[in-house]
Amino acid sequence: MGTAAISNNLTQVNPSEGKRDTVGYKYHPTDEEKARNANYDTYEMIDIVDKLKNQIKDRIANLDVPNILDVKGKSITDAQNNLRFSERTVVGRDGSTFQIGYYSNSKTGEKYRSGYLDILAEKATGINNSSYVEYFSNMTSDIMSVFGTAATYKEDMGTVQRAIFSAIDEMKENIANGKENPIENLKTAVTIGGVEWNFKDILNISALMINSFDGIDRTITMDYIEYAKMGLSIGNVQNFADKNLNKEQSDMVKSILKSRADYYDRRIDEEAERSRDKWIHAVSSEQRKKYYKYGYYVSATNEELRNSIRDIFASVGKSSDLAEALSRYNQLMPPALKASGISESSFAQVLKNDAKTLSSYYSALFLLQK
């Protein structure tokens, strides 16, 4: 049997992270494992996420360590192992919102959210990674945060976890057969929302979606330039899907992107409404109200303008498209700039700064597809 080299991680969170190789894989399945593979339906799935949550809670109770509240939701910390579990709200494939959990290390800063396929390959070859459970949980959460829904959470999570187990079994077989790369050409499939995906593809598109919308997910108030960024994020994911996925999968991605955009609109409008009493007296003109409802100029409230800007930038593919989009943005923005209180003599500089910001944002998104 030859050595096995681990491929580049397809679901990396930080594009700057380097390649991680492991060599010398040798795997010999036990009789029990052979029997399980022959009758996969008897494979017992363990809910690792709930198990670990309960373990951490028990440890905290024994150590008398107070819970830590995270800004995104509930968090608990295992002080003995520096393990932190945080829940936050995510947007599912149908636009519904639900809570999902992630593990991290409070001491080292490790997020356990990169190199997923490498970790599975280590598991397949028998290498004991002490953080496997955290990676397993976060991998499930990453896929669920894009493809799950509030109504089908339990069912979807079970589907994803079974796919992970199946991928490990396939890698074991590849290693046993002496394949140079146990990750290459994985056939493991997962069906979610009625659409079948190759496991590597669903990992890849989940990572691209998460990374492309990371900044927007963290933004509560959005001016018109944020809608331009949202358009670029939408275009980045959809362009990749159209080039690399089949039509059914690409259509599902398009539906997910629309649901996500609708959610952002609702979130922005609800936040503006909650702030109306604070800002209502700041309204000084009908011009301002047209673009910043209640005078709240931090968040764009003119639906026609923000939708137009988002659509313009969502159509950006290559860099020449970006130049055209910026030109149209410059034509549309002056009334909103004026409404926000910016003097006409400053328009050119503001728009120049916006162009620089959006160009950098586009370049960063483009690198995510590499």
Side-chain angles (χ1 to χ4, degrees), residues 7 9-11 33 36-50 90-102 113 116-117 119-121 123-124 135-174 182-213 234 237-260 262-263:
S7 70
N9 166 40
L10 292 179
T11 59
E33 288 170 332
R36 189 189 70 200
N37 291 336
N39 187 8
Y40 187 75
D41 288 340
T42 64
Y43 194 105
E44 180 183 3
M45 185 183 70
I46 301 174
D47 190 340
I48 295 181
V49 177
D50 286 344
V90 296
V91 187
R93 68 175 185 269
D94 62 349
S96 62
T97 59
F98 52 96
Q99 292 292 112
I100 208 162
Y102 284 101
R113 291 184 67 189
Y116 287 145
L117 291 175
I119 296 299
L120 296 186
K123 183 71 172 178
Y135 281 107
F136 179 98
S137 175
N138 288 353
M139 185 182 349
T140 303
S141 292
D142 272 349
I143 297 174
M144 286 292 296
S145 70
V146 174
F147 288 92
T149 75
T152 62
Y153 179 85
K154 289 282 188 181
E155 175 186 351
D156 293 336
M157 183 169 67
T159 298
V160 170
Q161 290 180 342
R162 283 190 291 272
I164 296 173
F165 294 140
S166 180
I168 293 172
D169 287 342
E170 185 181 352
M171 290 178 192
K172 287 180 178 179
E173 183 177 350
N174 289 342
I183 294 173
E184 187 178 5
N185 299 323
L186 284 180
K187 297 179 178 62
T188 296
V190 51
T191 299
I192 193 165
V195 177
E196 183 177 278
W197 295 78
N198 176 277
F199 181 67
K200 286 172 67 173
D201 286 341
I202 204 169
L203 271 176
N204 202 18
I205 200 70
S206 295
L208 183 61
M209 183 83 75
I210 291 166
N211 292 334
S212 295
F213 288 92
I234 290 171
V237 176
Q238 193 61 54
N239 289 337
F240 177 87
D242 290 342
K243 293 176 182 177
N244 297 279
L245 305 176
N246 64 40
K247 186 178 187 305
E248 189 178 26
Q249 293 166 341
S250 182
D251 286 346
M252 185 178 192
V253 169
K254 186 179 296 182
S255 176
I256 291 173
L257 290 170
K258 184 181 185 308
S259 295
R260 189 167 282 235
D262 290 344
Y263 164 75

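Quick caveat: nothing in here was measured; it's all calculated off a predicted structure.
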Worksheet entry | Gln238 side chain near Asp242 side chain, heavy-atom distance below 4.5 Å | yes

Worksheet entry | Donor-acceptor pair, side chain of Ser96 and main chain of Gly92, under 3.5 angstrom | no

Worksheet item: When you measure from the side chain of Glu170 to the backbone N and O of Lys187, does any donor-acceptor pair fall under 3.5 Å?
Response: yes

Discussion item. Working note: Phe199 + Leu117, criterion side chain to side chain contact (heavy atoms under 4.5 Å, CB included); need CA distance, chi angles, decisive distance, verdict.
Written reply: CA-CA 10 Å; Phe199 181 67; Leu117 291 175; 4.2 Å; yes

Discussion item. With a 3.5 Å distance limit and no angle check, can you tell me whether Asn174 reaches the backbone of Ile183 through a side-chain donor-acceptor pair?
Written reply: no

Worksheet item: Any side-chain heavy atom of Ile210 within less than 4.5 Å of one from Val146?
Response: yes

Worksheet item: Are any non-hydrogen side-chain atoms of Asp169 and Lys172 less than 4.5 angstrom apart?
Response: yes

Worksheet item: Counting N and O atoms only, with roles assigned by atom type, does the side chain of Ser166 sit under 3.5 Å from a partner on the main chain of Arg162, one being a donor and the other an acceptor?
Response: no

Worksheet item: If we ignore angles and hydrogens, is there a donor and acceptor under 3.5 Å between the side chains of Tyr102 and Asp142?
Response: yes

Practice prompt. Evaluate the criterion side chain to side chain contact (heavy atoms under 4.5 Å, CB included) for residue pair Met209 and Leu257; output intermediate values, then yes/no.
Written response: CA-CA 9 Å; Met209 183 83 75; Leu257 290 170; 3.6 Å; yes

Practice prompt. Start with the C-alpha gap between Asn204 and Trp197, add the side-chain angles, then the distance that decides, and say whether side chain to side chain contact (heavy atoms under 4.5 Å, CB included) holds.
Written response: CA-CA 11 Å; Asn204 202 18; Trp197 295 78; over 6 Å; no

Practice prompt. May I ask you to decide if Gly101's main-chain N or O and Ser141's side chain share a donor-acceptor pair within less than 3.5 Å?
Written response: yes

Discussion item. A side-chain contact here means heavy atoms from C-beta on lying under 4.5 Å apart; do Ile100 and Tyr153 qualify?
Written reply: yes

Item to complete: Would you sort out whether Leu120 and Met139 count as a side chain to side chain contact (heavy atoms under 4.5 Å, CB included), showing the intermediate values?
Response: CA-CA 10 Å; Leu120 296 186; Met139 185 182 349; 3.6 Å; yes

Worksheet item: Stepwise, does the side-chain hydrogen bond (donor to acceptor under 3.5 Å, both in side chains) test hold for Asp94 with Ser259?
Response: CA-CA 6 Å; Asp94 62 349; Ser259 295; over 6 Å; no

Fill in: Non-hydrogen side-chain atoms of Asp156 and Phe147 separated by less than 4.5 Å
no

Worksheet item: If we only count heavy atoms from C-beta on, is the Val237 to Ile205 side-chain gap below 4.5 Å?
Response: yes

Worksheet item: Are the side chain of Thr149 and the backbone N or O of Thr152 linked by a donor-acceptor pair below 3.5 Å?
Response: yes

Item to complete: Could you check if a side-chain atom of Glu173 sits within less than 4.5 angstrom of a side-chain atom of Pro182, using non-hydrogen atoms only?
Response: no

